[in-house]
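As structure tokens, the structure follows; a few thoughts come after it.
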Amino acid sequence: MDQIQQFLPLILMFAVVYFFMIRPQMKKAKQEKNFIKELKRGDRIVTKSGMHGKIIDFSDKNNAVIIETGAGKITFDKSSISLEMSQKLNEPAKTEKEEKKK
């Protein structure tokens with residue numbers, strides 16, 4: 001019983017680290033993977049570097065997307081697309097469409 005009490009703080013610290021650091025990171029990585037998998041032509045996106053554009057084609061060979069911006073067509077890796085910024089970009093468009101329907 002005394003040995004268990006010695007390891008109890010270590011076990012509790014591991015549990016706290018797992019539930020507050022490791023598990024949320026795994027959940028976020030899964031969300032980003034699903035987001036990239038569900039991309040389609042015509043989606044408006046923002047890259048992690050801040051480039052705004054609309055997807056016009058996919059390059060499965062290079063695991064990349066071709067986006068159309070004000071400067072022209074640019075190819076980016078799928079991993080460079082930002083989940084958070086793209087969702088923020090698309091949220092106002094959804095609310096505007098809902099308001100117009102009412």
Report task. Report yes if some heavy atom in the side chain of Leu39 is under 4.5 Å from a heavy atom in the side chain of Phe35; otherwise report no. Result -> yes
Query raised in the report: Side-chain contact, heavy-atom cut-off 4.5 Å: Leu89 with Met85?
Result: no
Requested in this report: Return the minimal non-hydrogen interatomic distance between Ser82 and Lys48, and the atom names on each side.
Outcome: CB-CG, 3.9 Å
Requested in this report: Answer yes if Phe19 and Met26 sit in the same cluster of Ile, Leu, Val, Met, Phe, Trp and Tyr residues linked by side chain heavy atoms under 4.5 Å apart, and no otherwise.
Outcome: yes
Requested in this report: Would you check if the side chain of Asn34 reaches a backbone N or O of Gln31 as a donor-acceptor pair within less than 3.5 Å?
Outcome: no
**Report entry** Shared hydrophobic cluster for Leu8 and Leu10 (ILVMFWY, side-chain gaps under 4.5 Å)
**Finding:** no
Requested in this report: Could you tell me whether the side chain of Asn63 and the main chain of Lys78 form a donor-acceptor pair under 3.5 Å?
Outcome: no
**Report entry** Value rounded to 0.5 Å, distance of CD in Glu68 from NZ in Lys73
**Finding:** 6.5 Å
Query - Single-linkage hydrophobic cluster Phe20~Val17, side-chain heavy atoms < 4.5 angstrom - result: no
Query raised in the report: Mind checking whether Ile74 and Ile56 sit in one hydrophobic cluster, side chains of I, L, V, M, F, W, Y counted as touching below 4.5 Å?
Result: no
Query - Option among Asp43, Ile36, Ile81 that satisfies the side-chain contact (heavy atoms from CB on, under 4.5 Å) test with Val65 - result: Ile81
Query raised in the report: Do the side chain of Ser86 and the main chain of Val46 share a donor and acceptor less than 3.5 angstrom apart?
Result: yes
**Report entry** Where Phe58 and Arg41 come nearest, the two heavy atoms and their spacing
**Finding:** CE1-N, 3.9 Å
Query raised in the report: Roughly how far, to the nearest 0.5 Å, is OG1 of Thr47 from CG of Asp77?
Result: 11.0 Å
Query raised in the report: To the nearest 0.5 Å, how far apart are CG in Leu83 and NZ in Lys28?
Result: 7.5 Å
**Report entry** Minimum side-chain heavy-atom gap Ile67-Phe76 below 4.5 Å
**Finding:** yes
Query - Enclosure of Gln6 CD (heavy-atom neighbours >12, cutoff 6.0 Å) - result: yes
